[in-house]
Number of protein chains: 2
Amino acid sequence: MDKYYGASSCDGCKGFFRRSVRKNHLYTCRFSRNCVVDKDKRNQCRYCRLRKCFKAGMKKEAVQNERDRINCRRPSYEEPAQANGLSVVSLLNAELLSRKVIDETNNATDAEINNRKLAKINDVCDSIKQQLLILVEWAKYIPAFTELHLDDQVALLRAHAGEHLLLGCARRSLHLSDVLLLGNNCIIAKHNIGEYTARAAGVLRAHAGEHLLLGCARRSLHLSDVLLLGNNCIIAKHNIDGRMDIDISMIGIRVMDEIVKPLREIDIDDTEFACLKAIVFFDPNAKGLSQPQKIKQLRYQIQINLEDYISDRQYDGRGRFGELLLCLPPLQSITWQMIEQIQFAKLFGVAHVDSLLQEMLLGGASTEASLEEPAAPSPLSAGSPPLVPQLPLPEAAVFDVAPFKQEPNASPEHPSRVLKPAEITLL
Amino acid sequence: MDKYYGASSCDGCKGFFRRSVRKNHLYTCRFSRNCVVDKDKRNQCRYCRLRKCFKAGMKKEAVQNERDRINCRRPSYEEPAQANGLSVVSLLNAELLSRKVIDETNNATDAEINNRKLAKINDVCDSIKQQLLILVEWAKYIPAFTELHLDDQVALLRAHAGEHLLLGCARRSLHLSDVLLLGNNCIIAKHNIGEYTARAAGVLRAHAGEHLLLGCARRSLHLSDVLLLGNNCIIAKHNIDGRMDIDISMIGIRVMDEIVKPLREIDIDDTEFACLKAIVFFDPNAKGLSQPQKIKQLRYQIQINLEDYISDRQYDGRGRFGELLLCLPPLQSITWQMIEQIQFAKLFGVAHVDSLLQEMLLGGASTEASLEEPAAPSPLSAGSPPLVPQLPLPEAAVFDVAPFKQEPNASPEHPSRVLKPAEITLL
DNA sequence: ACGGGGAGGTCAAAGGTCAC
DNA sequence: AGTGACCTTTGACCTCCCCG
């Protein structure tokens with residue numbers, strides 16, 4: 001017999017008293033308010049039972065407020081309300097599925113991981129082209145995207161293709177500091193990079209305790225200063241042997257410093273990455289959108305879902321959402337610099353820019369590639385504010401006032417759609 | 001009230017926090033993550049209680065292992081008790097104080113509000129110059145700023161001057177839809193614009209119920225499509241009478257659509273604005289910073305304070321923080337477009353660009369203005385990635401490969417400091 | 001030395017749970 | 001819907017150890 005609410009009592013009366021006080025129950029006695037209340041008959045008359053509780057010394061002040069539930073099954077992140085596939089889980093799925101596409105096509109190049117090469121400008125272009133195709137596949141995994149007008153789909157794809165390239169590159173490079181470089185140029189990953197985990201773990205175990213590890217550690221010191229392209233090329237921060245193109249290196253350094261490093265610091269997870277990518281993608285300010293408000297709603301839903309997802313990490317969630325979103329301005333900035341570099345490389349004939357790259361990244365008609373729509377108004381795509389920065393081609397800038405006195409309202413609502421949807425299998 | 005785990009706390013929360021951290025309890029809020037947690041209701045939502053513990057400054061690192069007293073070095077998580085003036089209140093104060101400076105100097109132009117003129121390019125430059133000075137004043141109201149190395153102060157001021165101009169312009173224009181335009185070109189404000197509130201309210205009352213209001217309403221329809229410059233000039237969205245410069249109008253439209261409109265939709269308040277400004281300002285990626293990590297900490301503190309401030313709103317906090325931060329990429333984008341326009345206007349001699357504007361906005365040595373430091377390496381400020389986008393001057397781009405094959409490591413750690421601190425009274 | 005601040009721990013008595 | 005045997009959480013009140 002313990003003490004409850006100030007009186008010696010059984011567990012039953014404790015519960016009865018609490019429920020009664022909490023819900024302010026008012027009972028009535030069917031007899032003469034003097035019913036016997038003992039172990040057997042305690043449930044015969046509530047009025048008399050409660051009266052006996054008080055008489056025994058129970059204090060209603062001792063009953064506290066209702067507390068939080070102890071066993072609260074957490075509602076899953078799966079979309080209960082909106083079936084537009086914008087839940088963090090759906091977005092993560094789209095990310096994983098679209099990556100799988102390339103993993104399969106890359107199966108043949110499995111062995112190549114052993115001899116990664118430093119990227120030259122055309123390796124970069126090559127990787128870019130590949131990644132752009134993945135981007136389209138990715139988008140198609142998002143129902144809310146496929147339900148948009150075709151024009152808007154194209155607009156979104158074009159608007160931030162560059163950001164997505166860099167973002168993907170950054171993600172690939174995130175866990176590179178958890179990587180070891182063997183003497184024969186093999187790479188051992190601590191975490192998931194492709195399907196090499198099991199193998200890596202094995203090798204790690206095999207070498208455990210050996211002095212070999214020392215040399216390995218030395219060789220791996222600077223691997224966190226490396227970017228991994230989609231086609232298994234590498235961009236190094238420290239320009240070893242001067243084998244890197246300086247312009248590629250510049251972009252690479254900024255990606256490492258301004259994107260990879262902060263994302264590593266907060267240890268972004270796949271779900272967060274998927275959301276961040278989608279937030280960049282659904283940009284209500286993208287040029288030529290017919291339903292910007294609709295896009296804004298989609299992005300809003302995503303950023304709210306991400307906010308909720310992060311708030312569920314109670315111990316290290318604070319500031320996390322902000323740090324993620326604050327990666328976007330530098331991402332945009334680096335993207336522009338990259339596009340600028342590609343423009344230059346193209347201009348000087350150093351790089352081969354094919355039509356997909358031209359369309360999605362450089363944002364408009366090319367002055368050199370053969371196109372179906374020669375009616376494209378201007379090589380500067382006049383009137384399209386530089387979401388993709390339009391480097392004025394020097395000729396035009398010098399000999400024409402066009403870029404300065406360009407006529408924004410004269411530009412078509414929908415920017416030249418040289419990008420034929422069929423070509424990138426949008427449907 | 002003692003200190004536990006780094007925060008003033010009661011015994012109950014101490015125990016709660018320790019138990020939660022030790023067992024890594026994950027709670028779920030049954031409501032909207034904004035439950036009141038006070039002496040009475042502290043047990044009603046464990047999720048919100050734990051969150052409040054963290055918000056109050058409790059550090060999970062301060063919770064030791066079970067039955068662990070052996071290796072005890074207690075300090076370390078002693079955070080720099082943020083007396084650095086980064087609280088939302090301090091930032092709001094800096095904002096209000098710096099605005100006051102100009103309000104006073106503008107006292108003479110009080111009457112001018114009656115005949116606002118459409119801005120021409122040199123009105124814009126004029127306003128810009130004025131606002132740049134205010135920006136410096138603003139920064140000086142933030143202790144954490146003044147405690148920085150002088151070089152870093154200059155770096156921060158230069159890095160996002162353009163964003164701050166547009167941000168200020170957007171703020172000024174926020175409540176313009178709450179404004180009425182009288183027939184004699186007077187403006188009546190519903191809310192605070194300068195000190196005109198009382199007067200406006202008076203006029204509003206005076207006209208109440210009159211048929212005059214109809215005409216007034218008609219005239220005011222498009223006032224939400226107007227930007228207000230610091231020098232009382234106006235940029236209109238709809239190019240009435242074709243009196244606007246088309247290039248100014250382009251920037252203006254984007255500011256209205258991509259900044260003012262979203263900020264209006266969430267009804268940003270002064271505190272949030274002040275924080276947003278500071279977040280833009282303390283950019284750890286700014287060129288030439290000697291202590292980027294320090295700046296990152298400052299920004300982190302600010303964005304956390306803002307997150308907390310917003311989460312204190314009981315009903316409409318969800319998604320708000322994200323919407324605010326998501327204004328930053330377009331802000332950056334528009335800024336670059338603006339700078340591009342100014343570069344062009346300068347290039348063609350249309351605009352007068354003085355040295356302050358050149359230094360803070362265009363980011364480096366001028367090719368025309370007379371400067372004290374002719375040693376500035378390159379008109380392209382080679383090697384400085386375009387946080388401020390460096391439009392390649394056509395001559396250089398055409399006749400020199402420099403911008404493509406520029407040597408980033410050859411640039412000085414600290415960009416040319418043509419901006420003499422004394423000149424803008426940094427001290 | 002020695003008092004106090006802030007870690008850790010304890011456990012009576014609150015609370016919630018969920019077949020019945 | 002209410003009951004009550006059974007389990008969890010709370011927080012007032014200790015101890016212990018560094019540090020000034």
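Treat the numbers as computed from the prediction; the structure is a model and nothing was measured. Reminder, nothing fancy here: chain letters follow the sequence lines and each chain counts from 1.
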> Is the backbone of B/Leu86 close enough, under 3.5 Å, to the side chain of B/Asn305 for a donor and an acceptor to pair up by distance?
Replying inline: yes
Give every donor-acceptor pair under 3.5 Å between a side-chain atom in residues 41-57 of chain A and any protein atom, sequence neighbours left out.
| from | atom 1 | to | atom 2 | distance (Å) |
| --- | --- | --- | --- | --- |
| A/Arg42 | NH1 | A/Lys39 | O | 2.6 |
| A/Asn43 | OD1 | A/Arg49 | NH1 | 3.1 |
| A/Arg51 | NH1 | A/Arg33 | O | 3.2 |
| A/Arg51 | NH2 | A/Arg33 | O | 2.4 |
| A/Lys52 | NZ | A/Val37 | O | 2.9 |

>> I need the CZ-C1' distance between A/Arg46 and D/dG4, as an integer number of Å.
In response: 14 Å
> So does A/Asn43 get a side-chain nitrogen or oxygen closer than 4.0 Å to the phosphate oxygens (OP1/OP2) of D/dG4?
Replying inline: yes
>> Nearest to the side chain of A/Arg22, heavy atoms from C-beta on, is which of C/dG6, C/dG16, C/dC18?
In response: C/dG16
>> Parallel, tilted or perpendicular: which one describes the rings of A/Tyr27 and A/Phe16, with boundaries at 30° and 60°?
In response: parallel
> A/Gln64 has a side chain; which of C/dA7, C/dG15, D/dT9 sits nearest to it?
Replying inline: C/dG15
> How long is the line joining CD of A/Glu66 and P of C/dT17, in whole Å?
Replying inline: 9 Å
> If you find the nucleotide of DNA chain C closest to A/Arg67 and the one closest to B/Val63, which residue's nucleotide is nearer the 5' end?
Replying inline: B/Val63
>> Whole angstroms only, please: what is the CD-C1' distance between A/Gln44 and D/dG2?
In response: 15 Å
>> Tell me the interatomic distance from B/Tyr4, atom OH, to C/dG6, atom C1', rounded to whole angstroms.
In response: 7 Å
> Do NZ/NE/NH1/NH2 and the carboxylate oxygens of B/Glu323 and B/Arg320 come within less than 4.0 Å?
Replying inline: no
> Which residues in residues 8-20 of chain B have at least one heavy atom lying under 4.0 Å from any atom of DNA chain C?
Replying inline: B/Lys14, B/Arg18
> What's the CD1-C1' distance between A/Ile70 and C/dT17, to the nearest Å?
Replying inline: 8 Å
> How do A/Arg69 and A/Lys3 order along DNA chain C: which one's closest nucleotide is nearer the 5' end?
Replying inline: A/Lys3
>> Can you confirm whether B/Val21 sits close enough to B/Tyr5 that some side-chain heavy atom of one is under 4.5 Å from a side-chain heavy atom of the other?
In response: no
>> Tell me whether A/Arg171 forms a cation-pi arrangement with A/Phe273, defined as NZ or CZ under 6.0 Å from the six-membered ring centre and within 45 degrees of its axis.
In response: yes
> For D/dG11, does either OP1 or OP2 sit under 4.0 Å from a side-chain N or O belonging to B/Arg49?
Replying inline: yes
>> Nearest whole Å is fine: how far is D/dG4 C1' from A/Lys39 NZ?
In response: 11 Å
>> When you measure from the side chain of B/Asn285 to the backbone of A/Glu258, do you find a donor-acceptor pair of N or O atoms at a distance under 3.5 Å?
In response: no
>> Taking any heavy-atom pair under 4.0 Å as a contact, classify A/Asp2: base, sugar-phosphate, or nothing.
In response: nothing
>> Nearest whole Å is fine: how far is C/dA7 C1' from B/Glu61 CD?
In response: 15 Å
> Are OP1 or OP2 of D/dT10 and a side-chain N or O of B/Arg42 less than 4.0 angstrom apart?
Replying inline: no
>> I want to check one thing: is the phosphate of C/dG15, taken as OP1 and OP2, less than 4.0 Å away from some side-chain N or O of A/Tyr5?
In response: yes
